[in-house]
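Please read the structure below before turning to the comments.
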Amino acid sequence: MRKTLAKNIFLNINPIKKFRTIKIQVDFLRPLNKEETTTRRLLANVMSNSTKDYPSFRAINDREMELYGSEINVYTRNLLNFNDLAFSVEFADPNFLIDGKTQLKDNLDLLGEIIFKPNLAGNQFDETAFETEKRNLMSNLMSIQDNQDLVSSLGLAKLIYRDNPDRQVPIFGSIEELKDLTNADLLKSYQDVIKNDTVVINVVGNVDENEFLTELNDSIFNTELQNDRQDLTIEFEKFDNLIVNPASQIDHKHLNQSRIALAYATKGVSKDFNRLAPQIMNLILGGDDQSQLFLQVREKNSLAYSVSSTYQPISHLVMIQAGLDADSVDKALDLINQQINFIKQGQFTDAQVEHAQKVMLTQRKISSDTIQHYIMRSIWETVYPKTLLTDAQFEDELSNLDKKHIASVADHMHAIAQYQLIGD
C-alpha cells in the first residue's frame, strides 16, 4: 500500500510474511544545512533517551522489555542532498507471541511517544537530558581524532565538497557548532522538524494493511502529521572545477601508520552502457579481497597494511583508501595508478568479471533478506525511484556486462582530490 497522508507525507506498507519481526520507520527529510547538522544529531540523541512519559533511558528500556524486546533507534544520515532524521521501532510479530493482541498498537504508540512527546521542562528540554547528551556527543566528536581512517575520510570529504559548505560538516556534527548549541536552539529545531520536514513512514512485516491504517488514524501520528510540507528538490554534485583543478592536502601527525585517501569522478561514461559496470569495475579495482589493489598493492608488493576502493552510485565517485608507512606513499600511489591503467586497457580477465558478478549477486541476495533492505528500497521508491532496478533488471544487466563498458568506466575516472595523513 502506498498512500499520501498530506502533501509530502507518505505512507508505505509492505506486508511481507517471511520475517519474525515488524519494523516501523519514520524519516524526516530536509535539505542539508551546515547550521542544522549538529543540532539534528543532538536532537536524535536527546529524543531517543527520554520522553515525557518515559523520562529516562531506563524507563524507555523497561517499556521495550515489556513489549517483548522491542528496539527503538533514532539517528541522522545523509540521503542524497538531504538530512534524514530517522526514528524506528522493530518488534516481535504478534503471531509468534502467546499474548500479542495489542503489540502493533503498543509499539506504534511507543514510537509516537519518542517522536511527539519529548521530555520537556517548561519551554525547553529537560536540562539534565540536554546536558548529558550534549556532553556525550562532545566526547564522541573529540574521540574522532583517535580514528585515523575516519580522519582521512573526513579530510578527503572536505576536499571533494570544498564548493558546498553544507557538506563540510559531517553528518554526526562538529565540535564548534556543538559548543554554541543551546537548549532553546534544540527545542526550536525540534518544532521546525515536526512542522515542516517531509515525512516518509514505512512499515515492513506481517501486518494487515487496513488494520495498520486504522491504528495509525487512531494514534498521535494522525493529529501531528496533517499539515502539508514543502517540496524537496534533488540536487547532484558537480565536480567540473575539481576535474580541471584537483584538490590536495597533506597533514602531518604523530602516528605509526600513514593514510592516503583518493577520489575520482567518473564523468563522461555513456548512459547507454551497462548500469552495473561501475560497480563491477570497482570490485575488480579494489572492492574485494580478490581485487587488483588488494593483490598487487598489499599482498604482492607489501606497500600497504590495508587498501580498498568503494563506488558511490549517486555521486558517481570512486574512492580509494590505504593505510601504509610514510616512506611507501609515493610507491603505493604509483602502483594504484598502474591498477587503474590495467583496467583502462582491458587487461583484466573474464574470470575476474565472473567473480565480481558472483559477488554482486550474492550481496544483493543477502541484503534482500533483511527488513532494512525493504525499508530503504521503499524510501528510494518514494524519493528517487530512478535509481532502482528490479531483480529481473539487475540479473539482466549483470549477465550482459561488456568488458568494454568496464574498461570505459576506468578510462573516464578523473582524479579530483587527494588527502594524505602522514605519520611522523
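The figures that follow rest on heavy atoms only: side chains count, while hydrogens, waters and symmetry mates do not. Sequential numbering from 1 along the given sequence is applied to the chain's residues.
- Atom CD of Glu36 and atom OG1 of Thr76 lie 12.0 Å apart (nearest 0.5 Å).
- Aromatic ring centroids of Phe116 and Phe221 lie under 6.0 Å apart.
- For Ile60 against Ser48, the heavy-atom pair with the smallest separation is CD1-O, 3.5 Å.
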Worksheet item: Can you check side-chain contact (heavy atoms from CB on, under 4.5 Å) on Phe172 and Asn140, steps first, answer last?
Response: CA-CA 9 Å; Phe172 40 76; Asn140 290 337; over 6 Å; no

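- Around NZ of Lys18, the count of heavy atoms belonging to other residues, nucleotides or ligands within 6.0 Å exceeds 12.
- In summary, the side chains of Gln124 and Glu127 do present a donor paired with an acceptor at a separation below 3.5 Å, with no hydrogens or angles considered.
- Side-chain atoms of Asn183 come within 3.5 Å of backbone atoms of Phe125 as a donor-acceptor pair (strictly under, hydrogens ignored).
- Side-chain atoms of His316 come within 3.5 Å of backbone N or O of Pro313 as a donor-acceptor pair.
- For Asp424, the CG atom counts as densely surrounded, since its 6.0 Å shell holds more than 12 non-hydrogen atoms of other residues, nucleotides or ligands.
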Discussion item. Applying side chain to side chain donor-acceptor pair (under 3.5 Å) to Ser143 and Asp146, what does each step give before you reach the verdict?
Written reply: CA-CA 6 Å; Ser143 70; Asp146 297 328; 5.7 Å; no

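- Considering Gln292, Gln357, Gln290 in turn, Gln292 is the only one that fulfils the side chain to side chain donor-acceptor pair (under 3.5 Å) rule with Gln352.
- Put simply, the side chain of Gln103 reaches to within 4.5 Å of the side chain of Tyr68, judged on heavy atoms.
- A distance of 9.0 Å separates CG in Asp109 from CD1 in Ile220, rounded to the nearest 0.5 Å.
- Across all non-hydrogen atoms, the minimal contact from Gln393 to Leu388 is OE1-O, 4.1 Å.
- One side chain, Ser315 or Gln312, offers a donor N or O that lies under 3.5 Å from an acceptor on the other.
- Atom CD of Glu71 has 12 or fewer neighbouring heavy atoms from other residues, nucleotides or ligands inside a 6.0 Å radius.
- Looking at Ile320 and Tyr264, their side chains come closer than 4.5 Å, going by heavy atoms from C-beta outward.
- Side-chain N or O atoms of Thr37 include one that pairs as donor or acceptor with a backbone N or O of Asn33 at under 3.5 Å.
- With contacts defined as side-chain heavy-atom distances shorter than 4.5 Å, the pair Asp27/Leu79 does not qualify.
- What you find for Gln372 and Arg77 is that their closest heavy atoms are NE2-NH1, 4.4 Å.
- Of the charged side-chain nitrogens involved, none lies within less than 4.0 Å of a carboxylate oxygen, so that Arg229 and Asp197 do not count as a salt-bridged pair.
- Using a 4.5 Å heavy-atom cutoff, the side chains of Phe239 and Lys267 are not in contact.
- Taking a cutoff of 4.0 Å between a charged side-chain nitrogen and a carboxylate oxygen, Arg298 and Asp289 do not qualify as a salt bridge.
- The ring of Phe236 has its center closer than 6.0 angstrom to the ring center of Tyr384.
- Taking every heavy atom of both residues into account, Thr38 and Gly173 meet most closely at OG1-CA, 3.2 Å.
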Worksheet item: Can you check side-chain contact (heavy atoms from CB on, under 4.5 Å) on Phe10 and Leu5, steps first, answer last?
Response: CA-CA 6 Å; Phe10 307 101; Leu5 304 180; over 6 Å; no

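- Judged purely by atom type and a 3.5 angstrom limit, Asp84 has no side-chain atom pairing as donor or acceptor with the backbone of Leu29.
- Considering only heavy atoms from C-beta on, Leu276 comes within 4.5 Å of Met360 through its side chain.
- Legend: residues meeting ring pair (Phe, Tyr, Trp, His ring centres under 6.0 Å) with Phe28, ordered by chain and number and at least two apart, are Phe87.
- Here the CD1 atom belonging to Ile115 is positioned 12.5 Å from the NZ atom belonging to Lys117, to the nearest 0.5 angstrom.
- Asp251 is not listed as a side-chain neighbour of Gln420, based on a closest heavy-atom distance of 4.5 Å or more.
- Summarising the local packing, CE of Met65 is surrounded by more than 12 heavy atoms from other residues, nucleotides or ligands at distances under 6.0 Å.
- Gln321 and Ser152 share a donor-acceptor pair across their side chains, judged by distance under 3.5 Å alone.
- Judged by distance alone, the side chains of Ser248 and Gln418 never bring a donor and an acceptor atom under 3.5 Å apart.
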Item to complete: Report the C-alpha separation of Gln230 and Lys7 in whole Å, then their side-chain angles, then the decisive distance to 0.1 Å, and conclude whether the side chain to side chain donor-acceptor pair (under 3.5 Å) test is met.
Response: CA-CA 8 Å; Gln230 295 181 353; Lys7 182 182 178 182; over 6 Å; no

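- Judged by a 6.0 Å distance limit and a 45° cone about the ring axis, Arg63 is not positioned over the six-membered ring of Tyr54.
- Between the CZ atom of Arg40 and the OH atom of Tyr190 there is a distance of 13.0 Å, given to the nearest 0.5 Å.
- Between Asn210 and Met1 the shortest side-chain heavy-atom distance falls below 4.5 Å.
- We find that Arg167 and Glu237 are joined by a salt bridge, their nearest charged nitrogen and carboxylate oxygen being less than 4.0 Å apart.
- Defined by atom type and a distance below 3.5 Å, a donor-acceptor pair is present between the side-chain atoms of Asn282 and Ser309.
- Counting heavy atoms from C-beta outward, Val74 and Leu85 have side chains that approach closer than 4.5 Å.
- Side-chain contact annotation: Asn8 with Asp231, donor-acceptor N/O pair under 3.5 Å present.
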Worksheet entry | Intermediate values then yes/no, side chain to side chain donor-acceptor pair (under 3.5 Å), Ser88 and Asn73 | CA-CA 5 Å; Ser88 68; Asn73 197 14; 4.7 Å; no

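- Looking at Lys365 and Asp369, no side-chain N of the basic residue comes within less than 4.0 Å of a carboxylate O on the acidic one, giving no salt bridge.
- At a cut-off of 3.5 Å, with distance as the only test, a side-chain donor of Ser70 or Asn107 sits close to an acceptor on the other residue.
- Using a cutoff of 4.0 Å between basic side-chain nitrogens and carboxylate oxygens, Asp391 and Arg364 are scored as salt-bridged.
- Closest heavy-atom contact between Glu64 and Ile72: OE2-N, 2.8 Å.
- Heavy atoms only, all atoms of each residue included: Ile22 and Gly205 are closest at CG1-CA, 4.2 Å.
- A donor-acceptor contact closer than 3.5 angstrom is absent between the side chains of Arg30 and Asn83.
- Using a distance-only test at 3.5 Å, with no hydrogens or angles considered, a donor-acceptor pair links the side chain of Gln168 to the main chain of Lys158.
- Using a 4.0 Å cut-off between a side-chain N of Lys or Arg and a carboxylate O of Asp or Glu, Glu215 and Lys105 do not qualify as a salt bridge.
- Expressed to the nearest 0.5 Å, how far OG of Ser219 lies from CG of Asn217 amounts to 7.5 Å.
- Distance check: Leu283 CG to Ser291 OG gives 8.5 Å after rounding to the nearest 0.5 Å.
- Taking the charged nitrogens against the carboxylate oxygens, Lys238 and Asp163 have no contact shorter than 4.0 Å, which rules out a salt bridge.
- Between the side chains of Asp93 and Asn95, a donor-acceptor pair is found at a separation under 3.5 Å.
- A donor-acceptor contact closer than 3.5 angstrom links the side chains of Asn12 and Thr382.
- When only modelled atom types and interatomic distance are considered, Tyr305 and Asp325 share a side-chain donor-acceptor pair under 3.5 Å.
- Judged by distance alone, the side chain of Thr132 and the main-chain N or O of Thr128 form a donor-acceptor pair under 3.5 Å.
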